[in-house]
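Quick caveat: nothing in here was measured; it's all calculated off a predicted structure. All values below were derived from every heavy atom in this structure, side-chain atoms included, with hydrogens, water molecules and symmetry-related copies excluded.
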Amino acid sequence: MKRIDGDRTGDMRSSEVVRAEVLRLAQKQKSALATTFQELLGNGGPPDETADEMICAIRQWRNTSSPRSLE
């Protein structure tokens with residue numbers, strides 16, 4: 001939430017609190033956070049995979065139950 005008077009110190013504290021919460025959650029879940037934009041993008045998958053093949057794979061993954069599944 002931005003302050004109207006132009007003082008951004010309130011924004012910074014909020015950002016720091018949120019960042020700390022995200023880091024704590026990542027530690028609790030034992031997952032790594034992306035630290036660069038390139039890591040966030042990932043490798044993009046196989047270079048010879050078509051869009052149709054990618055969509056088919058995603059549909060298969062969604063239809064496969066996993067340990068995290070609610071089913």
Side-chain angles (χ1 to χ4, degrees):
M1 179 186 253
K2 291 186 179 180
R3 294 175 57 129
I4 296 173
D5 62 6
D7 180 12
R8 303 201 75 153
T9 56
D11 290 344
M12 292 304 290
R13 274 190 237 126
S14 296
S15 297
E16 291 170 4
V17 168
V18 169
R19 179 173 172 73
E21 288 175 7
V22 168
L23 291 174
R24 274 194 301 273
L25 181 60
Q27 276 185 327
K28 184 178 177 182
Q29 294 179 350
K30 297 179 182 169
S31 60
L33 296 175
T35 57
T36 66
F37 187 67
Q38 194 60 40
E39 285 178 349
L40 188 61
L41 290 177
N43 67 5
D48 59 343
E49 184 177 50
T50 66
D52 289 336
E53 291 169 333
M54 183 184 71
I55 291 168
C56 182
I58 291 170
R59 285 187 179 142
Q60 287 177 349
W61 296 334
R62 287 180 179 165
N63 292 330
T64 302
S65 60
S66 68
R68 294 176 46 175
S69 177
L70 297 175
E71 297 174 356

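- Residues L25 and Q29 are in side-chain contact: their nearest non-hydrogen atoms beyond the backbone lie under 4.5 Å apart.
- Judged purely by distance below 3.5 Å, without hydrogens or angles, the side chains of T64 and Q60 never pair a donor atom with an acceptor atom.
- From N63, atom CG reaches atom CD1 of I58 across 12.0 Å, with rounding to the nearest 0.5 Å.
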Report task. Start with the C-alpha distance between E21 and V17, add both sets of side-chain angles, then the distance that settles side chain to side chain contact (heavy atoms under 4.5 Å, CB included), and finish with yes or no. Result -> CA-CA 6 Å; E21 288 175 7; V17 168; 3.5 Å; yes
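- In the hydrophobic cluster analysis, where Ile, Leu, Val, Met, Phe, Trp and Tyr join through side-chain heavy atoms closer than 4.5 angstrom, M54 is grouped together with W61.
- When the side chains of ILVMFWY residues are joined at heavy-atom separations under 4.5 Å, either directly or via intervening members, V18 and L33 end up in a single hydrophobic cluster.
- In this structure, the side-chain contact (heavy atoms from CB on, under 4.5 Å) partners of R59, at least two apart in sequence or on a different chain, are I55.
- At distances below 3.5 Å, at least one donor-acceptor pair connects side-chain atoms of E53 with backbone N or O atoms of T50.
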